Amino acid sequence: MTSMSKPFIDKHLPKNKLGLSVRNYEGVMSTLCAGCGHDSVTAALVQAFWELDLAPESAAKVSGIGCSSKTTAYFMGQSHGINCVHGRMPSVATGANAANGDLNYIGISGDGDSLSIGFGQFAHSIRRNLNMLYILENNGVYGLTKGQFSAAADYGSKSKKGIENDQMPIDPCVQALTLGAGFVARAFSGDKTQLVPLIKAGLKHKGFALIDVISPCVTFNDHKGSTKSYAHTYKYYHPLVHTDFVAHADEVTGSYDKDGAMRVTMQDGGELFLRKTESDYDPRDRAQAIETLLMNKSEGEIRTGLLYLNSDLPDMQAANKLPKIPLNQVPYESLTPGKAALAKLQARYR
């Protein structure tokens, strides 16, 4: 993993606690189509990292192949980053995380990269509870290969040429919930006010955090008849839970107050402030989250916000009792314990 560009210093912009402006969290200029929802996700990532006072070099960006996977080049040029083989990003992220759990891992993928060739990889990264923020930029099409339907395209939606999709979609949030993910959210690239707090919370969550972002493709999937166009999403998206994130708070409570607000402590001491938009919805209820997604899908609504949260699950590092010292910091003597230690290890498998 290598850095991608030189830092930029702007004396006239506000600075965070590290003395950095938002410009220090940007990458190279985007080559995506003008108006692409993915660029809005990039802007939200820049804002979230800057507000959290996270050093760019503390992040590891991992992506596969596709329009979405180009996003890693467009933010935090001074962080570590790698593009992987199509659909194989979770495996590379798992290996890097096992070797160095001190970094903030951000996986950027798309509905083609994650729900078709990479579906098995996506599932196992959830099952292992890999400690990473996994952003799935979901536009329902393969934008790099002329707009064919992806596995996330809704049944009955129409392509730019008027062809109707006759296959059932894969819902990444439903899949993540059934596989045991501890943080599941859905957002809309056009709603930065909602997206930035979700990214901040996902980065601070210990374990696998999925944010499925409806991110319209302006070239191949922004027409009448598309269920992932800007017009359709603006009309039908409905926030279930309003989310705010405040880092390093002291006072913590775990129940909703009379106004429907709840504070949930994160592992680092920060807090999530949740406000229900529906009186009977509880983001701590996995079964209710699944039922709500399935029920409202048939009614045409797109439910967004923090759908489910469970901070008590051990992440991959803890579950497998991995060393806390990153592999690149382990003394050479410990890495080469000698012939006797090897023989003792081999004896365990006989």
Side-chain angles (χ1 to χ4, degrees), residues 36-38 41 62-72 83-94 106-130 132-159 163-181 183-189 198 202 208-217 219-221 226-229 232-233 237 289-290 293-294 296-298 302-304 307-308:
C36 178
H38 296 0
V41 178
V62 192
S63 61
I65 298 296
C67 291
S68 58
S69 296
K70 297 170 72 175
T71 297
T72 50
N83 282 113
C84 310
V85 179
H86 196 19
R88 303 303 192 266
M89 174 267 284
S91 290
V92 176
T94 299
I106 311 100
I108 307 290
S109 187
D111 40 315
D113 193 52
S114 287
L115 304 182
S116 291
I117 190 171
F119 194 32
Q121 301 260 324
F122 172 68
H124 285 288
S125 62
I126 297 172
R127 186 176 68 87
R128 296 188 184 101
N129 202 20
L130 180 62
M132 71 181 300
L133 170 61
Y134 195 110
I135 293 182
L136 198 158
E137 296 178 335
N138 190 341
N139 57 23
V141 295
Y142 287 93
L144 285 184
T145 54
K146 308 305 180 185
Q148 301 93 332
F149 289 123
S150 78
D154 292 316
Y155 180 81
S157 62
K158 293 183 179 181
S159 69
I163 300 171
E164 189 170 295
N165 180 35
D166 58 1
Q167 296 185 359
M168 296 302 293
I170 295 174
D171 187 320
C173 290
V174 172
Q175 296 298 323
L177 287 165
T178 57
L179 288 165
F183 185 109
V184 181
R186 173 165 284 144
F188 172 41
S189 63
L198 287 174
F208 188 89
L210 171 69
I211 305 180
D212 176 40
V213 185
I214 306 301
S215 181
C217 173
T219 301
F220 293 110
N221 211 14
S226 166
T227 58
K228 286 183 169 60
S229 65
H232 182 91
T233 308
Y237 94 105
I290 296 173
L293 285 174
L294 295 177
N296 293 107
K297 186 74 172 179
S298 63
I302 303 169
R303 295 304 178 104
T304 64
L307 305 173
Y308 179 73

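This structure is a prediction, so every number in the text was calculated from the model and none was measured.
Considering only residues two or more places apart in sequence or on other chains, Glu164 meets the side chain to side chain donor-acceptor pair (under 3.5 Å) condition with none of them. In terms of the side chain to side chain contact (heavy atoms under 4.5 Å, CB included) criterion, residue partners of Arg88 (sequence neighbours excluded) are, by chain and number, Val85, Ile117, Gln121. For Asn129, the side chain to side chain donor-acceptor pair (under 3.5 Å) test picks out no residue, with sequence neighbours left out. Every residue meeting the side chain to side chain donor-acceptor pair (under 3.5 Å) condition with Ser109, not counting sequence neighbours, appears here in chain and number order: Asp113, Ser114. Residues passing the side chain to side chain donor-acceptor pair (under 3.5 Å) test with Ser159: none are found, sequence neighbours excluded. Shown here are the side chain to side chain contact (heavy atoms under 4.5 Å, CB included) partners of Leu179, two or more places apart in sequence or in another chain: Ala123, Ile126. Looking at residues two or more places apart in sequence or on another chain, you find a side chain to side chain contact (heavy atoms under 4.5 Å, CB included) between Ser116 and Tyr142, Ala151. When the side chain to side chain contact (heavy atoms under 4.5 Å, CB included) test is applied to Thr219, the partners found at least two apart in sequence or on another chain are Cys33, Cys217. By the ring pair (Phe, Tyr, Trp, His ring centres under 6.0 Å) test, Phe149 is found to be paired with no residue, residues two or more places apart in sequence or in another chain being considered. Residues satisfying the ring pair (Phe, Tyr, Trp, His ring centres under 6.0 Å) test with Tyr134, not counting sequence neighbours, are Phe122, Phe208. Scanning for salt bridge (Lys or Arg N to Asp or Glu O under 4.0 Å) contacts around Asp111 gives an empty result, with sequence neighbours left out.
At a cut-off of 3.5 Å, with distance as the only test, no side-chain donor of Ser215 or Asn139 sits close to an acceptor on the other residue.
A distance of 10.5 Å separates CE of Met132 from CG of Leu210, quoted to the nearest 0.5 Å. The line from OG of Ser189 to CD1 of Ile135 is 11.5 Å long, rounded to the nearest 0.5 Å. With rounding to the nearest 0.5 angstrom, the CG atom of Leu144 is 9.5 Å from the NZ atom of Lys146. With rounding to the nearest 0.5 angstrom, the CD1 atom of Ile290 is 9.5 Å from the CD atom of Gln175.
Scanning all heavy atoms of the two residues, the minimum distance from Ile214 to Phe188 falls at O-CD1, 3.4 Å. Shown here for Ile108 and Ser69, the closest heavy-atom pair between the two residues is O-OG, 3.8 Å. Contact between Ala152 and Asn138 at its shortest, heavy atoms only, is CB-OD1, 3.5 Å. Minimum heavy-atom separation, Leu133 to Gly202: CD1-CA, 4.0 Å. Nearest approach of Arg186 to Leu198, heavy atoms of both residues: O-CD1, 4.1 Å.
Residues Asn221 and Pro216 fail the side-chain proximity criterion, which asks for heavy atoms closer than 4.5 Å. You'll find the side chain of Val141 stays beyond 4.5 Å of the side chain of Ser150, heavy atoms only.
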- Task: Take Val92 and Cys84, measure what side chain to side chain contact (heavy atoms under 4.5 Å, CB included) needs, and give me the verdict at the end.
- Result: CA-CA 7 Å; Val92 176; Cys84 310; 3.5 Å; yes
- Task: Verify side chain to side chain contact (heavy atoms under 4.5 Å, CB included) between Val62 and Thr72, making sure each step is shown before the conclusion.
- Result: CA-CA 7 Å; Val62 192; Thr72 50; over 6 Å; no
- Task: Evaluate side chain to side chain contact (heavy atoms under 4.5 Å, CB included) for Leu293 paired with Leu307, printing each intermediate quantity in order.
- Result: CA-CA 9 Å; Leu293 285 174; Leu307 305 173; 3.9 Å; yes
- Carefully, step by step, assess Leu294 and Val174 under the rule side chain to side chain contact (heavy atoms under 4.5 Å, CB included). CA-CA 8 Å; Leu294 295 177; Val174 172; 4.1 Å; yes
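Using modelled atom types, one side-chain atom of Asn165 and one backbone atom of Ala153 make a donor-acceptor pair closer than 3.5 Å. When atom types are taken as modelled, the side chain of Thr94 and the backbone of Pro90 share a donor-acceptor pair closer than 3.5 angstrom. A donor-acceptor contact shorter than 3.5 Å is absent between the side chain of Asp154 and the backbone of Ser157. Between the side chain of Ser68 and the backbone N or O of Gly110, at least one donor-acceptor pair lies under 3.5 Å.
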